[in-house]
Amino acid sequence: DLQMYSLFSTNLEFCRTPVLPEYEIINIYLDNTPTGLESTTRIQRKHPRAVNCSAQLYPDFKTFNDFLLKDKIFDSG
């Protein structure tokens with residue numbers, strides 16, 4: 001059984017980091033901002049298997065939500 005953990009918030013970094021060694025795969029989807037990148041670096045230093053998915057999946061967007069909404073057209077009516 002493959003165990004995977006995905007991290008989407010810097011708020012979870014400090015409370016969840018101790019449990020990360022239990023997971024085979026750690027996917028990081030933090031913001032592409034200085035705070036998000038600093039948190040990603042800290043996590044990757046402690047857990048070399050952690051992958052910065054935000055840099056791969058949405059390098060041109062600040063947040064995962066911005067990426068998800070990129071093609072969304074809002075009806076003003």
Side-chain angles (χ1 to χ4, degrees):
D1 288 335
L2 179 66
Q3 291 192 8
M4 180 175 23
Y5 185 85
S6 295
L7 188 64
F8 287 91
S9 171
T10 56
N11 292 333
L12 296 175
E13 175 194 350
F14 300 107
C15 64
R16 297 287 185 203
T17 301
V19 302
L20 292 180
E22 299 174 14
Y23 294 91
E24 296 172 41
I25 298 174
I26 302 166
N27 294 320
I28 304 172
Y29 296 91
L30 299 181
D31 293 351
N32 288 318
T33 61
T35 301
L37 295 172
E38 288 170 18
S39 292
T40 296
T41 299
R42 278 194 302 271
I43 293 166
Q44 287 178 317
R45 280 188 195 132
K46 292 178 185 176
H47 311 286
R49 296 180 324 276
V51 177
N52 182 1
C53 295
S54 36
Q56 297 172 6
L57 184 60
Y58 50 99
D60 299 329
F61 297 90
K62 241 181 175 180
T63 69
F64 190 60
N65 285 338
D66 291 344
F67 169 71
L68 293 175
L69 295 173
K70 72 180 186 303
D71 295 325
K72 181 93 171 153
I73 299 172
F74 294 95
D75 184 1
S76 61

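Computation of the quantities below employed the complete heavy-atom set of this structure, encompassing side-chain atoms and omitting hydrogens, waters and symmetry-equivalent molecules. The first residue in the sequence is number 1, and the count goes up from there. Just so it is clear, the structure is predicted and the values come from calculations on it, not from any experiment.
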Residues which pass side chain to side chain donor-acceptor pair (under 3.5 Å) with N65, listed by chain and number, not counting sequence neighbours: none
For residues 51-59, which side-chain N or O atoms pair as donor and acceptor with protein atoms under 3.5 Å away, sequence neighbours left out?
unit_1	atom_1	unit_2	atom_2	d
N52	OD1	S54	N	3.3
N52	OD1	S54	OG	2.6
N52	OD1	A55	N	3.3
S54	OG	L30	O	3.1
Y58	OH	Y29	O	3.1
Y58	OH	L30	O	3.1

Validation row: Q44, I28 side chains within 4.5 angstrom (heavy atoms): yes
Distance, nearest 0.5 Å, that separates CZ of R42 from CG of L37: 11.0 Å
Results of side-chain contact (heavy atoms from CB on, under 4.5 Å) for T33 - residues two or more places apart only: D31, T35, K62
